[in-house]
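This report refers to the structure that appears directly beneath it.
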Protein chains: 2
Amino acid sequence: MSRSARLRWSTASELLRLVYAEPGITRTAACERLALASGAATELIERLRGARLLAEHRADRGGPGRPTTVLGPHPRGPLAAVVDLSAAGWRVLLGDLAGALTEAAAGSYGDREPAGFLPEVAGAVGAAVRREPGRVGAVVAAVAGAVSGTRLLQFSTRGWHAADLGVLAGGPGVPLLVGNDATLGGIAEARGGAVRGARAALHILVAVGVGGALLVDGRPVTGARGAGGEYGHLPLGDPDLACPCGARGCWDLMVDGRALARHRGDPVPRDPFAYGRNVLDAVRSGKAPDRDRRAVERTARALGAGIAGLVNLHDPDAVTLAGLAPGLRAGAPEAFADAYRGGLMAFHRADPPPVADAVHGADGPVRGALALGFDEITGPAALARWGAHRTR
Amino acid sequence: MSRSARLRWSTASELLRLVYAEPGITRTAACERLALASGAATELIERLRGARLLAEHRADRGGPGRPTTVLGPHPRGPLAAVVDLSAAGWRVLLGDLAGALTEAAAGSYGDREPAGFLPEVAGAVGAAVRREPGRVGAVVAAVAGAVSGTRLLQFSTRGWHAADLGVLAGGPGVPLLVGNDATLGGIAEARGGAVRGARAALHILVAVGVGGALLVDGRPVTGARGAGGEYGHLPLGDPDLACPCGARGCWDLMVDGRALARHRGDPVPRDPFAYGRNVLDAVRSGKAPDRDRRAVERTARALGAGIAGLVNLHDPDAVTLAGLAPGLRAGAPEAFADAYRGGLMAFHRADPPPVADAVHGADGPVRGALALGFDEITGPAALARWGAHRTR
DNA sequence: TACTTTTACTCGGAGCACGAGTATATTTCC
DNA sequence: GGAAATATACTCGTGCTCCGAGTAAAAGTA
């Protein structure tokens, strides 16, 4: 990719990213935001229309003056394919520049290992790509487990072996991105969710264990291979407890359904997420015994204290909670707040970063994956490739 | 700053950053690296010479063919002023595009608080800026303490009150950047030190407490206000120990001179860094009693275990150790390695990120500060401002 | 001195941003 | 219903950068 081509498409990239970030933005507003001169705007938008990257529709809002248009996705514009590998089953979706998602296929794992069902998923991806020829610019897999590069290392509760997700690639020239659900959920919160626009946001997901991400300007900090964000395997917990990950004292064991079970005197639950939700629902309804209340309190305290340490570490503007975490806080608000405040360094305590519940639920990871896909698609290099075939 | 000006200077920015990153690079090599066409190179370099941003010198290496030139700083090119506020005293230095640093002023704190000596330092900065009129494009303060924005929150061992370093600004249009020594030392290691070129590097500095930074492509992840990297205030330690920061269980207390003193049965030392160095030197020399050896072992273990957790968290390519940390590891290598390996998640254990001692010593923070200053100076916007007055 | 090798410069072409000036589409007012 | 007001979009000449093929230059080598 030549340097001049990248430069040529860099303004186009900015505009398309703005349109993605703020669906329904008008042409005038977008140009003003980019400080784009009037003539340049005309030429740029005409070029993007010609390249099937953008379409305009009348914006009918009152007031005098020549009406402007709303910028939106071109009907034959680029799409991102999202592969959702959640605990419940798999889905393949297609999303456009407006953030509209349509399900293309879905299925369940049954009793199969990844090697068993991945070909099926890959087939669904391929079918979706072929159904919209030339339009799919990226495939993004959202995985409910630990990942490294395109490898799945560990999956939710299921005891799957590690597997390479490379088979999900959508064909030559279509990059495959893989992210875990906590990271992608964090992206969704930082870009269009509870902490939209935060410069640095910390997202914490409690499911089976704890995952999360630090988002800087909406981009996740995921380390060399995308395996970062494993907050649950910081040794913030009891050093006498061995974690299935191989280490000891992992925070994981202090804040999820397994912690609640331990405090209540139950054995390790088969599905810690469902177990945790049940306990929290019971406490929430007010009909739970004191033992349950205390278990939630201890767990919320461990959550709050750990988050405080992570705030010391990352200095975020704000924190978002997802999965069981909002329920844990709601079930023992004082315990959580005490532990949170108490764990902050003095200078943070004067002005603690607000802790908000995530606004995206189960669709957070998929929304984040779509955003990541369009980051790729709307980059200058990818646009230059797209435009090379479609302009004029 | 108009968009066209930024675009115009963006290639210039890339070239200057390359020259900074690889001092002594030849014109040919630089153009090849940037994939810059021959004609564009001629025009670009002529423009940069004219703008006093670059100078060329004959590269005398044998072989046939027309000789190329070495790209270097212009004799009247931009400079960054570095203010070093270390535990020992303060210095003001000027650095150029080649990384050459010259000391412009220095002094000691005496018994003064920041409010007492900062005017003196600010005066020295002003004098340095005036001595090279128009050349200083950024002032960077390297502070041995916690910072937030341009505020100094806490300084090394001295019990100073928080203070605003804004007075160090070098005048209108000259931005002031503030970073702590752990962060800046990490930059130095990631760009020209032990882990040069690493995509994600974790730097750990043990001095009084633990600081550090995650460097992604050489850029530190420092959160919303630059206060990130306070690894020492993660609750990885004994929850019964109260930290001066206000929280409990801070890792700080487990890995620095205070930890060694506690394990040896000594009271909290007045200068934990010097205390730690003495103990480590003694153990290193082999003449220390078993009690000291065991103290170092326990401390090295706490260090290794914590770093393992941080590797789980950040997924770095490599880790660098600075301050007392190399000595702790050297004093109890098996204990450190055991704890490090033992704390890693299984998939990291198969291929643990290498842990290297930092190659920069006391000058690391200053070198990192200079790099940060030139990041600012060689950005497209700053170049456009510089070039607007000096071209033609 | 002539040849080889490597690098730098020349120059016409293409593309984008700028910005002042002009045209256009809508609402509001008379 | 028509004119004025208003907000927006388009036109076009200018300046800038990058491209790339061709040419010139500066060394070593025979």
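The chains referred to below are lettered A, B, ... by the order of the sequence lines, with proteins before strands, and numbering in each begins at 1.
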What nucleotide among [options] has an atom nearest to a side-chain atom of [X]?
X: Leu44(B); options: dC18(D), dT8(D), dA17(C); result: dC18(D)
X: Thr28(A); options: dT8(D), dT6(D), dT17(D); result: dT8(D)
X: Thr69(A); options: dC19(D), dT5(C), dA9(D); result: dA9(D)
X: Ser4(A); options: dC19(D), dA17(C), dT11(D); result: dC19(D)

Item to check | Within-4.5 Å side-chain heavy-atom neighbours: Ile25(A) and Arg33(A) | outcome: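 In short, these two side chains touch, coming nearer than 4.5 Å.
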Item to check | Closest-nucleotide ordering on DNA chain D, the 5'-leading residue of Arg58(B) and Ser38(B) | outcome: Ser38(B)
Next on the checklist: Heavy-atom nearest nucleotide on DNA chain D for Arg66(A) versus Ala41(B): which residue maps closer to 5'?
Outcome noted: Arg66(A)
Without decimals, in angstroms, what is the distance between [X] [atom1] and [N] [atom2]?
X: Arg3(A); N: dC16(C); atom1: CZ; atom2: P; value: 17 Å
X: Trp9(B); N: dC18(D); atom1: CH2; atom2: C1'; value: 15 Å
X: Arg8(A); N: dC18(D); atom1: CZ; atom2: P; value: 12 Å
X: Leu36(A); N: dT8(D); atom1: CG; atom2: C1'; value: 14 Å
X: Leu15(B); N: dT17(D); atom1: CG; atom2: P; value: 14 Å
X: Glu14(B); N: dC18(D); atom1: CD; atom2: P; value: 10 Å
X: Glu56(B); N: dC9(C); atom1: CD; atom2: C1'; value: 12 Å
X: Arg47(A); N: dG15(C); atom1: CZ; atom2: C1'; value: 8 Å

Item to check | Side-chain H-bond candidate by donor/acceptor type, Thr378(B) with Arg17(B), under 3.5 Å | outcome: yes
Checklist entry - Is a side-chain donor-acceptor pair under 3.5 Å present for Thr28(A) with Thr26(A)? => result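 The criterion, which ignores hydrogens and geometry beyond distance, is not satisfied for Thr28(A) and Thr26(A).
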What nucleic acid atoms does [X] come within less than 4.0 Å of, heavy atoms only: base, sugar-phosphate, or nothing?
X: Thr68(B); value: sugar-phosphate
X: Glu43(A); value: base
X: Gly63(A); value: sugar-phosphate

Checklist entry - Roughly how far, to the nearest 0.5 Å, is the CZ atom of Arg27(A) from the CD1 atom of Ile45(A)? => result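 Here the rounded value is 4.0 Å.
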Next on the checklist: Let me confirm one number: the CG-CZ distance from Asp96(A) to Arg76(A), rounded to the nearest 0.5 Å.
Outcome noted: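 Between Asp96(A) CG and Arg76(A) CZ, I get 15.0 Å after rounding to 0.5 Å.
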Next on the checklist: Looking at Arg27(B), I'd like to know whether one of its side-chain N or O atoms comes within less than 4.0 Å of OP1 or OP2 on dA8(C).
Outcome noted: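 Yes.
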